[in-house]
Amino acid sequence: MRKHERIYHIIPGILINDKSIVNRIFALLDSVPFDKWIEVNEEIYSSNFFQQYDEFYVMYLDPQGLVERLWVTGCQDIVSFMKERISYEYGDGVDMAICTKEINDAVICNHDGQVFMLKEQ
């Protein structure tokens, strides 16, 4: 990655601008205290989360809260992106939320390579 390139420019999918969806995703994420999220890391790839849906909303979670970017992304594209960019072993990741298009289930990833599920699948 080039030094000046922002991570949110390489997230796969179609960039959309819909504040109401962003607000609904934040409402879902905020509805569960962080200590209730389930850390799954690499186990996410074998969970039902990615096996039940073809498309997801992917939202970049800017650590400073200054950037709100939202994409519609195919399942294979986001899984490939995660496998390439997220490594718990090396402490490398991307701050983002992956949410079902029904906005009823989510996975969050952080810059330390951790992956958490909203609920057990």
Side-chain angles (χ1 to χ4, degrees):
M1 181 167 32
R2 289 175 280 158
K3 190 172 185 175
H4 66 279
E5 185 177 38
R6 302 282 186 223
I7 192 71
Y8 56 79
H9 290 301
I10 62 170
I11 293 175
I14 299 169
L15 186 64
I16 59 174
N17 185 15
D18 190 326
K19 187 72 170 166
S20 68
I21 294 172
V22 169
N23 290 340
R24 289 176 56 208
I25 292 171
F26 274 125
L28 174 67
L29 300 180
D30 292 341
S31 71
V32 176
F34 185 72
D35 64 342
K36 300 296 183 197
W37 287 75
I38 301 158
E39 188 171 0
V40 292
N41 301 321
E42 291 87 7
E43 297 166 19
I44 189 61
Y45 306 119
S46 61
S47 75
N48 287 336
F49 184 79
F50 286 124
Q51 296 171 7
Q52 294 178 0
Y53 304 96
D54 293 327
E55 286 188 322
F56 295 89
Y57 289 121
V58 178
M59 186 170 62
Y60 174 68
L61 300 173
D62 180 17
Q64 297 177 347
L66 302 174
V67 177
E68 291 180 355
R69 299 256 201 249
L70 180 68
W71 293 262
V72 173
T73 304
C75 182
Q76 295 295 59
D77 291 336
I78 196 59
V79 168
S80 294
F81 177 80
M82 290 174 68
K83 286 180 177 180
E84 180 180 313
R85 295 286 177 164
I86 296 175
S87 172
Y88 177 72
E89 181 180 352
Y90 295 107
D92 190 28
V94 178
D95 295 309
M96 65 182 180
I98 303 158
C99 189
T100 60
K101 290 191 75 184
E102 293 81 8
I103 309 179
N104 62 1
D105 199 3
V107 165
I108 55 174
C109 309
N110 67 25
H111 59 270
D112 292 324
Q114 294 172 292
V115 179
F116 298 88
M117 292 184 75
L118 180 61
K119 63 182 181 184
E120 287 186 293
Q121 297 291 317

What's the spacing between [X] [atom1] and [Y] [atom2] if we round to 0.5 Å?
{"X": "Ile78", "Y": "Ile11", "atom1": "CD1", "atom2": "CD1", "answer": "6.5 Å"}
{"X": "Ser31", "Y": "Lys36", "atom1": "OG", "atom2": "NZ", "answer": "13.0 Å"}
{"X": "Tyr60", "Y": "Cys109", "atom1": "OH", "atom2": "SG", "answer": "12.5 Å"}
{"X": "Lys19", "Y": "Ile21", "atom1": "NZ", "atom2": "CD1", "answer": "12.0 Å"}
{"X": "Asp105", "Y": "Ile98", "atom1": "CG", "atom2": "CD1", "answer": "11.0 Å"}
{"X": "Thr100", "Y": "Glu55", "atom1": "OG1", "atom2": "CD", "answer": "12.0 Å"}

Please answer whether the main-chain N or O of [Y] pairs with a side-chain N or O of [X] as donor and acceptor at a distance below 3.5 Å.
{"X": "Trp37", "Y": "Val32", "answer": "yes"}
{"X": "Asp18", "Y": "Ser20", "answer": "yes"}
{"X": "Asn41", "Y": "Ile44", "answer": "no"}
{"X": "Asp95", "Y": "His111", "answer": "yes"}

Within the 4.5 Å heavy-atom criterion, are [X] and [Y] side-chain neighbours or not?
{"X": "Tyr57", "Y": "Ile103", "result": "yes"}
{"X": "Ile10", "Y": "Phe81", "result": "yes"}
{"X": "Val107", "Y": "Phe56", "result": "no"}
{"X": "Phe26", "Y": "Met59", "result": "yes"}

Nearest atoms (heavy-atom pairs only) where [X] meets [Y]:
{"X": "Cys75", "Y": "Tyr53", "answer": "CB-O, 3.6 Å"}
{"X": "Leu61", "Y": "Met96", "answer": "CD1-C, 3.6 Å"}
{"X": "Leu15", "Y": "Leu70", "answer": "CD1-O, 3.3 Å"}
{"X": "Arg24", "Y": "Glu102", "answer": "NH2-O, 3.8 Å"}

Next item on the list: Assess whether atom CG of Asp30 is packed by more than 12 heavy atoms of other residues, nucleotides or ligands within 6.0 Å.
Entry: yes
Next item on the list: Return yes when atom CD of Glu39 has more than 12 non-hydrogen atoms of other residues, nucleotides or ligands closer than 6.0 Å, and no otherwise.
Entry: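 Enclosed.
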Decide whether [X] and [Y] are clustered together by the hydrophobic rule: side chain heavy atoms of Ile, Leu, Val, Met, Phe, Trp, Tyr closer than 4.5 Å, transitively.
{"X": "Ile108", "Y": "Leu28", "answer": "yes"}
{"X": "Ile86", "Y": "Tyr90", "answer": "no"}
{"X": "Phe34", "Y": "Ile25", "answer": "yes"}
{"X": "Leu29", "Y": "Leu118", "answer": "yes"}

Checklist line | Exercise: do Asp77 and Thr73 side chains pair donor with acceptor under 3.5 Å | finding: no
Item checked: Set of residues satisfying salt bridge (Lys or Arg N to Asp or Glu O under 4.0 Å) with respect to Glu43, sequence neighbours excluded ->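 Glu43: no salt bridge (Lys or Arg N to Asp or Glu O under 4.0 Å) contacts found.
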Next item on the list: Show your working on side chain to side chain contact (heavy atoms under 4.5 Å, CB included) between Met117 and Ser47 and close with a plain yes or no.
Entry: CA-CA 10 Å; Met117 292 184 75; Ser47 75; 4.1 Å; yes
Checklist line | Quiz item: cation-pi between Lys83 and Tyr45, 6.0 Å / 45° | finding: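 Judged by the rule (NZ or CZ under 6.0 Å from the ring centre, within 45° of its axis), Lys83 counts as positioned above Tyr45.
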